[in-house]
Amino acid sequence: MERSNLEQDLNLTIQELASVYEELSLLYRLSEVLSGLSIEGICKRIIDEAINTIEVKTAAVLFLHDNGEELYTKSSRGNWDSNLRFKQDDGVLWNSIKTQKPYVSHNVSESKHGNSLSSLKSLLICPMIGKNKVLGAIVVGDKVSSENFYSNDIKLLGAIAFQAGLSIENAYLYRELEELLLGTIRSLVRALEATSKWSAGHTERVTKYAMDIGKEMGFDAETIEKLRMSSLLHDIGKIGTPKEILDKAGKLTKEEYKEISKHPIMGAEILRDLKQFTEIVEGIKYHHEHWDGSGLFGLKGEQIPLLARVLSVADAFDAMTSDRPYRPRKSKEDTIREMMEFSGIQFDPLIIEAFLRWVDTFNLLY
Amino acid sequence: MKRVVVIDDEPFILMMIEDKLKNAGIQVTTIRDSKQAMGAIKKERPDLVITDWMMPDLSGIELCRMLKSDPDVKDIPVFMLTAMGQNPEEQLGTQSGVEKYLTKPFSPNLLLKMVLDVIGKV
């Protein structure tokens with residue numbers, strides 16, 4: 001008699017410990033995995049963890065709409081209609097958002113406005129909270145064991161929701177920062193283009209060309225982004241060039257040529273405080289170097305930073321195919337021919353190869 | 001009935017895995033002393049072996065190598081439990097013969113799922 005009691009106690013203890021161990025492994029996974037992911041990635045991961053750890057059939061991540069009055073489904077699995085939207089008077093789910101606390105219902109179909117969720121028998125919902133506001137909620141429904149939700153389940157979902165809230169808010173902030181940065185750079189570029197009508201559109205076109213060539217060369221997303229930044233800013237130095245020189249209708253004198261050749265260095269000077277942008281600034285500083293070393297700084301071949309070499313090709317292509325104050329635009333065919341002639345002399349031959357592959361499919365807009 | 005042999009010098013891990021798998025209808029043999037594992041596995045011919053990595057006397061890696069070079073038992077799939085920060089693939093390369101790695105603390109639910117996936121096929 002006593003022995004089987006002991007055995008029972010041992011079994012219960014093992015199960016209790018196993019449940020704690022499960023929780024511990026969850027916390028470790030959450031803390032290390034969520035931080036690096038995109039918002040979509042985070043939501044998928046949350047659903048995986050919720051279903052696996054709480055052992056439920058259905059899970060959904062809901063986001064609060066910007067207007068603060070509606071919840072919509074960001075990601076879901078199981079018995080859930082992802083098109084459903086929940087307004088403030090939909091009692092079942094909004095309780096949790098309003099009180100910012102978890103909420104459990106074991107008789108969903110009978111609760112107020114439970115009809116949209118009537119296919120669920122029981123549900124547990126936990127709000128996801130960012131620094132200052134509710135971002136949304138995580139809902140789980142119908143445990144595999146068909147049992148009710150325990151306080152332990154609420155604790156687990158709470159842990160997932162807490163981490164998720166932090167990670168999602170981080171991801172949003174990061175996105176906002178990126179947009180702010182790009183917006184600022186574009187403003188700088190518009191300032192530049194306002195000074196000379198001949199520059200209008202040049203920067204945006206060169207950026208597109210450079211990124212296309214970069215994709216053709218198989219660059220990874222991070223490098224393409226750096227290429228974008230370099231291209232957007234490559235002529236920023238021209239802001240210091242006298243307007244008369246930029247708009248001159250004839251050939252430049254030696255002094256005028258010297259003046260305009262300063263723009264890569266000036267661009268690098270203007271941007272020198274951007275410590276995170278070293279690679280990008282070098283791309284700008286050396287974008288007029290020549291492959292054979294006959295450029296401004298005398299850098300040769302692979303001494304020239306990769307970004308600069310791509311930029312050089314894109315810049316030249318647009319320069320030749322655009323009207324200039326001193327000559328009309330060249331045709332696409334003539335431009336390609338001339339650029340091929342200078343492969344290995346002014347331009348990196350590998351980049352010219354990629355350029356040729358890309359330009360074949362590209363049609364100038366005239 | 002499917003059989004699994006679990007080897008770990010930590011009694012709690014053995015009890016926990018045994019409890020989890022037993023409740024799913026799997027027969028479990030637990031071994032604390034890794035030196036005895038080879039003999040037991042050859043005798044029992046289980047459908048799966050789950051072993052810890054860090055163990056006194058005979059490590060999980062050495063045990064795995066022994067299993068994979070014995071024609072009687074080389075086809076039995078092996079799961080390895082590792083501690084955080086250990087990178088077994090560095091030491092073993094991809095030729096280790098280990099089917100799956102789990103880092104401690106691992107999710108017992110996930111382990112059960114992985115076990116069922118593998119022995120379901122066997």
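FYI, side chains are in, hydrogens and waters are out, and symmetry mates aren't considered; it's all heavy atoms of this structure. A note on names: the letters A, B, ... follow the listed sequences, proteins ahead of strands, and every chain is numbered from 1.
In this structure, F162(A) has no ring-ring contact (aromatic ring centres under 6.0 Å, His included) partners at least two apart in sequence or on a different chain.
For residues 13-45 of chain B, there are no ring pair (Phe, Tyr, Trp, His ring centres under 6.0 Å) pairs, not counting sequence neighbours. Sequence neighbours left out, not one pair with a member in residues 128-140 of chain A passes salt bridge (charged side-chain N to carboxylate O under 4.0 Å, His left out).
Taking the six-membered ring where the residue is Trp, F86(A) and W80(A) present tilted rings, their angle falling between 30° and 60°.
Ionic pairing of K44(A) and E40(A) is not present here: no N-O contact between side-chain nitrogen and carboxylate oxygen is shorter than 4.0 angstrom. For D72(B) and K42(B), the salt-bridge test passes: some basic side-chain N is under 4.0 Å from an acidic carboxylate O.
Close approach to chain A, defined as a heavy atom under 4.5 Å from one of its heavy atoms, is seen in F12(B), I13(B), M15(B), M16(B), D19(B), N23(B) of residues 6-33 of chain B, taken by number.
Judged by distance alone, the side chains of N170(A) and S167(A) never bring a donor and an acceptor atom under 3.5 Å apart.
Contact of E23(A) with chain B is not made at all, since no heavy-atom distance falls under 4.5 Å. Contacts between T53(A) and chain B at a heavy-atom distance below 4.5 Å involve the backbone alone (N, CA, C, O).
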